[in-house]
Protein chains: 2
Amino acid sequence: MGQKGEETRNRLLDATQELIEGGGYSGAGLNQVIAASGTPRGSLYFHFPGGKDQMVAESVRRGGREIGRAVEELAEAVPDTASLAVAVLTLLGDRLEASGWRKGCPVATVALEMAATSDPLQEVCSEVYGSWEGMLRDRLAADGHPEAGDVAVTVLALIEGALLLARAHRSREPLDRVARRIVTLL
Amino acid sequence: MGQKGEETRNRLLDATQELIEGGGYSGAGLNQVIAASGTPRGSLYFHFPGGKDQMVAESVRRGGREIGRAVEELAEAVPDTASLAVAVLTLLGDRLEASGWRKGCPVATVALEMAATSDPLQEVCSEVYGSWEGMLRDRLAADGHPEAGDVAVTVLALIEGALLLARAHRSREPLDRVARRIVTLL
DNA sequence: ACCTCATAATAGATCGGTCTACATATTAAA
DNA sequence: TTTAATATGTAGACCGATCTATTATGAGGT
């Protein structure tokens with residue numbers, strides 16, 4: 001793949017991610033993706049012969065990797081898992097508020113929309129969440145925490161839930177409340 | 001409104017709720033709603049002159065009330081808030097698994113899809129979540145729990161997050177793990 | 001006769017997807 | 001080094017299906 005092709009492909013994925021975060025799978029209409037990315041329809045099906053589902057799947061995976069990397073960076077700058085959780089809540093809260101309550105979790109909306117109807121997309125979402133759970137579990141186990149598996153899933157659920165409530169209320173309050181309380185969990 | 005009209009209206013709301021739980025706002029196409037409910041298209045616009053958004057809004061509110069009532073019933077049969085939370089997780093887990101991982105939270109998908117684009121629907125979702133938070137807060141305060149506000153939001157976030165992960169993984173595991181850990185929060 | 005409600009035909013927009021034509025590189029042969 | 005052949009992308013018209021919404025008409029109960 002030449003450099004030009006790579007650029008076009010990335011512009012498509014950028015636009016898809018952006019639109020997905022705002023309104024999920026159905027919020028990322030191909031017409032919108034094309035308009036936002038400035039690439040013609042034909043290029044889309046050249047780079048993603050599997051059509052919309054393939055492009056969305058790659059976008060979700062990409063969004064998941066980006067968050068994963070950001071969390072790993074935070075993890076190195078912080079003493080324990082409790083402060084990591086708070087730092088993640090702050091980071092995601094900033095991102096959410098700065099985007100006008102549009103950019104929450106890049107996986108959640110697609111997961112809820114498509115988990116029941118599309119096996120491939122359900123698998124992608126499950127895989128991304130699984131990788132995040134793994135990161136948290138390893139970190140907790142390294143801290144010598146017992147029940148690391150249960151706690152990792154609980155922390156992830158808490159963050160995802162807080163993000164959902166924050167979007168629904170268009171307010172940081174749920175994130176702040178959870179941040180205050182998450183310490184007792186660890 | 002006569003009895004016949006009431007029935008039609010309820011059949012429409014039933015179908016809308018069912019479809020929304022499976023795939024959110026966009027998963028509830030009007031063609032599917034009228035096919036599932038057996039009512040003609042025109043009746044829909046007679047009972048919901050505001051169109052799809054009005055019908056979805058009422059469905060979400062209705063779904064929220066149903067869950068709210070179920071939780072209130074559980075609350076009477078249980079000693080403290082910790083066991084209430086576990087009971088709710090079990091109830092929702094049963095519902096989710098029995099529906100083939102389709103019926104999770106009747107609000108979450110619409111909230112994530114529409115919170116950024118539709119003010120009226122965002123308000124409805126915020127209102128339903130607010131009422132659930134209120135129920136939990138009152139219950140916690142009655143137990144004499146300090147920080148009832150923060151804890152109520154945290155418990156709700158935890159349940160919503162666990163439900164999201166369970167749908168994404170098509171597995172009860174996240175619900176079970178959270179149920180085991182939620183006690184330490186209370 | 002009046003209001004409530006049911007019914008179906010249809011409009012107009014938008015959906016994801018396919019198709020063909022064209023431009024630009026890259027490689028191979030002369 | 002020029003030319004031919006092939007691979008890589010770009011570009012947009014077009015398709016059938018589906019979307020939400022509107023309309024006109026008439027049945028049914030009070």
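Order of the sequence lines fixes the chain letters, A, B, ..., with proteins taken first and strands second; residue numbering starts at 1 for each chain.
Within residues 106-123 of chain B, no residue has any heavy atom under 4.0 Å from DNA chain C.
Listed by chain and number, the residues in a side-chain contact (heavy atoms from CB on, under 4.5 Å) with B/E97 are B/W101, B/R172 (sequence neighbours excluded). Partners of A/R95 by salt bridge (charged side-chain N to carboxylate O under 4.0 Å, His left out), not counting sequence neighbours, listed by chain and number: A/E21. Residues that satisfy the ring pair (Phe, Tyr, Trp, His ring centres under 6.0 Å) test with B/Y129, not counting sequence neighbours, are B/W132. By the salt bridge (charged side-chain N to carboxylate O under 4.0 Å, His left out) test, A/R139 is found to be paired with no residue, residues two or more places apart in sequence or in another chain being considered. Qualifying side chain to side chain donor-acceptor pair (under 3.5 Å) partners for A/H169, counting only residues two or more places apart in sequence or in other chains: B/S126, B/E133. Qualifying salt bridge (charged side-chain N to carboxylate O under 4.0 Å, His left out) partners for A/D14, counting only residues two or more places apart in sequence or in other chains: A/R62.
Counting to the nearest Å, the P atom of D/dG9 and the CZ atom of A/F48 are 12 Å from each other. Between the CZ atom of A/F46 and the P atom of D/dG9 there is a distance of 5 Å, rounded to whole Å. Atom pair B/L44:CG and C/dC5:P shows a separation of 15 Å (rounding to whole Å applied). Computed from coordinates, the A/L12 CG to D/dG9 P distance equals 13 Å when rounded to whole Å.
In this structure, B/L30 shares a hydrophobic cluster with B/L12, B/L13, B/L19, B/V33, B/I34, B/L44, B/Y45, B/F48, B/M55, the cluster being traced through Ile, Leu, Val, Met, Phe, Trp and Tyr side chains under 4.5 angstrom apart.
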>> What does the B/S/- profile of nucleotides 11-30 of chain D look like, 5' to 3', with a 4.0 Å heavy-atom cutoff to protein?
In response: BBB----SSBBB--------
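Close to D/dT10, at under 4.0 Å from its OP1 or OP2, lies a side-chain N or O of A/H47.
Counting heavy atoms from C-beta on, the side chains of A/L92 and A/L175 never come closer than 4.5 Å.
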